[in-house]
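Here the structure comes first, spelled out in structure tokens, and everything after it is commentary.
The sequence lines fix the lettering, A, B, ..., with proteins before strands; numbering per chain opens at 1.
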Amino acid sequence: MYRFLERRLVEHLRAFLLRAYGLEAANIVVEQPPKIEFGEYALPLAFELARKLRKAPRKIAEEVVAGVGTIPGFEKLEVAGGGYINVRVNRAEVASALIADEAPAAEVPPGKVLVEHSSINPNKAAHIGHLRNAILGDTFVRMLRFAGREVDVQNYIDNTGAQVADVVVGFLNIEKKSRAEIELLAAAPRFDYVCWDLYARVSQWYEEDKTNLQSRSATLHAIEEGNNETAAIADLISVAVLKRHLETMERLDIEYDFLPRESEILHLHFWDAAFAKLKESGVLTFENEGKNKGCWVMRRAGTAKSETTAGMEDTANGNVPDSIAEEDQKVIVRSNRTVGYVGKDIAYHMWKFGLLGRDFGYRKFYRYPNAHECWISTIHGETEHPHFGDVAEIYNVIDARQSEAQNTVIEALRGLGHDEAADRYTHFSYEMVALTPRCAAELGYQLSEEDKSRSWIEVSGRKGFGVKADDLLDALIAAARTEVDARHPELSNAERADISTQIAIGALRYFMLKFTKPSVIAFDFKDALSFEGDTGPYAQYAAVRASNIFRKGGFDPDRFVRESDGGASAAPHDGAAGGDGASRVSTIDFAKFLGGESADDIWELWLTAAKTSYIVGQCIATTEPAYLAKHAFQLAQLFNTFYHRYPILIETDEDRKKFLLTTAALVRRELIRVLAIMGIDVPPVM
RNA sequence: GGGCCCGUAGCUCAAGCGGAUAGAGCAUCGGAUUUCUAAUCCGAGGGUUGCAGGUUCGAUUCCUGCCGGGCCUACCA
């Protein structure tokens, strides 16, 4: 709603500027006033125009206000200060549209979106860093779906890499386990924890004697080769750990559609197809000398062509591949003819955009309780399967450390002549989760003096140092359970368990979303286990309080606003609102309750509730989910103030009571919707 | 050496394309309606936005330089 009105305002302003001054305004900045008293929108455009029109800003602002005319849905424009234009909407009109949950159909770009997230090495338990990735990714998926996009969720599985090989080495060379024994372990609960510890021991074992590393390369080679006992063991381990990852993520309500694996990229020869095209287009060059002699290399992203070769390009007919300075070379194919992971990634991304000319085999892998099927790549697949890949846009949720590799893949696509694909390739980059020194000490890590002075300490899978995802979830559930038990002894065991879980997930998902992406999260149990203030449970509690009003008052919130369908899975609102409610409360009277300065506080609540799709749009455009967490918190905060200030059920003026109930119903609906987009449920009671 | 990111209150973080008095939470201190209430609400203190310049009517935001920190820069993945 808010978004729609803003667009309409801009259109009118643009028309006016053209009419009055003959100006084509490319970009009209619309701000939100610092205080609700100033109106709903603020325009600094008079300042920008002052130079161009050679007039005082204030004078221009006055002309705009006088000349722009009436705009449907708007009350008035007014000049403030030295030239600000503050804009006021017609509150009653906005309110009635909000109650009906009317939203003009937004234009949805064509084509499918592919979001890749999680991508955890299947050799050990998921940890808090993986949680940040999965929660960011899953929330972004929900945002895209809320905006009407069709989305495929992929989780890339590196099942043939060194990390899996290490755990295989651990079982075979250190533990001396047989295949049958490993199978037995893999079937036990939390096999991923076993691997977590073993992985750390293997790293230790390598350090003790460097010759032990030979086991790794032999194992790695056998795995890549396939069709042997070692490869079979690697497969059974990686599949078992992968299933554990899916279970862990399922606890957070995170699901995937497809699990492409590196083994298939290898065995279905994706690379061969890509290699041919990369050679043909000159993206790859063969080095005849230097330290990379015998390798196929490409220019690393972010490195510039050297002066000499760039200058000679014109005369050389442009056909000769530029030589790349040694330090700017990225080895794609090693001198022993094997392909590095960036090469595989290039092939994989050509597949994503439907540019490779090959496809995976598919089989069903995991069925969620809601009957949703998650598919996995395989060599010979089922004949009937959904169509993955060949998408219009991709988002790769991968931490910032891989930005150079990501950019190299993008440059490869450009070099192949696929600029349109490269432009729709987004590296959804975020910073890592580390531990505060205090948290590290709690986990038994010996801190050096230098460590103690750091603001964070990086987790390390190799050292087995970090907080496992399931452990954190268990701790959160236990902490929530203590509170729920104390508050609601009358509830059954199962009910208290459910509520505790919902609160734990709310706390965790909110915690991972409240930080902006470039911020390193210095993890600390004290902050993560907090249920007060700027947290998920705070927002959940506000929604529960809204429900309490209706339950205790014996009202149905449905009667006051058009019900939300839960948000995340919603199709774009069709706007063909159901004005069916004979019992629905009339909205006409509300003008008197929403008008004037005395109603500013309640109006601010309504206005904030109106911003959800506007905020989601911002989040998508900037790939920054943190704005939505901020929005949820603001809405909850404003509601809590309202809740405290206006006791509804004892209100004696019936019209005013209806108005207050409508306010609560509206906020309840929007809060539930916003939280659903973040993957957070609202418990029945708290 | 080169590339990317960061530096804001005691702590952890916000601040849409440059805009109005730089905001929250935590912590500290002081308060709160017998109500739909306390996983809450109200109030107080707390800031030279790392430093120095520049651009601008206006800079936490853009530019340059410095200081401090992180990540990347392997024929590992």
Close N/O contacts between protein and nucleotides 22-24 of chain B (under 3.5 Å):
| unit_1 | atom_1 | unit_2 | atom_2 | d |
| --- | --- | --- | --- | --- |
| B:A24 | O3' | A:Gln637 | NE2 | 3.4 |

Got a list of protein N/O to nucleotides 57-60 of chain B N/O distances below 3.5 Å?
| unit_1 | atom_1 | unit_2 | atom_2 | d |
| --- | --- | --- | --- | --- |
| B:C57 | OP1 | A:Arg51 | NH2 | 2.3 |

For nucleotides 44-47 of chain B, list the nitrogen or oxygen atoms of the protein found under 3.5 Å from its nitrogen or oxygen atoms, one pair per line.
none

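Comparing B:G70 with B:A32, their P atoms sit 48 Å apart, to the nearest whole Å.
For the segment residues 638-646 of chain A, residues with any heavy atom less than 4.0 angstrom from an atom of RNA chain B are, sorted by number, A:Asn640, A:Thr641, A:Tyr643, A:His644, A:Tyr646.
For B:G16, the O4'-C1' to base torsion is within 90° of 0; the nucleotide is therefore syn.
Contact of the A:Phe642 side chain with the A:Val667 side chain is not registered, since no non-hydrogen atoms from C-beta on lie closer than 4.5 Å.
At the phosphate of B:A15, OP1 or OP2 sits under 4.0 Å from a side-chain N or O atom of A:Tyr627.
For the pair A:Ala539 and A:Ala632, the tightest heavy-atom approach, listed with the atom from each and the gap, is CB-O, 4.4 Å.
By the side chain to side chain contact (heavy atoms under 4.5 Å, CB included) test, A:Leu266 is found to be paired with A:Thr160, A:Glu224, A:Lys344, residues two or more places apart in sequence or in another chain being considered. Partners of A:Tyr341 according to the ring-ring contact (aromatic ring centres under 6.0 Å, His included) rule, which considers only residues two or more places apart in sequence or in another chain, do not exist here. Residues passing the salt bridge (charged side-chain N to carboxylate O under 4.0 Å, His left out) test with A:Arg300, sequence neighbours excluded: A:Glu404.
Within the 4.0 angstrom heavy-atom criterion, no nucleotide atom of any strand lies near A:Asp527.
The stretch residues 158-170 of chain A participates, sequence neighbours left out, in these salt bridge (Lys or Arg N to Asp or Glu O under 4.0 Å) pairs: A:Asp166-A:Arg216, A:Asp166-A:Arg462. Within the structure, every pair that satisfies the salt bridge (Lys or Arg N to Asp or Glu O under 4.0 Å) test and touches residues 478-489 of chain A, not counting sequence neighbours, is listed here: A:Arg481-A:Asp485, A:Glu483-A:Arg487, A:Asp485-A:Arg496.
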Return one dot-bracket line describing RNA chain B 5' to 3' (Watson-Crick or G-U wobble pairs, both distances under 3.5 Å; ( ) same strand, [ ] crossing, | another strand, . none).
(((((((..((((.....[...)))).(((((.......))))).....(((((..]....))))))))))))....
Under a 4.0 Å heavy-atom criterion, the protein footprint on nucleotides 70-77 of chain B, written with B, S and -, is SSSS-BSB
Could you list the donor-acceptor pairs under 3.5 angstrom formed between side-chain atoms of residues 30-38 of chain A and any protein atom two or more places apart in sequence or on another chain?
| unit_1 | atom_1 | unit_2 | atom_2 | d |
| --- | --- | --- | --- | --- |
| A:Glu31 | OE1 | A:Tyr84 | OH | 3.4 |
| A:Gln32 | OE1 | A:Lys611 | NZ | 2.7 |
| A:Gln32 | NE2 | A:Tyr614 | OH | 3.3 |

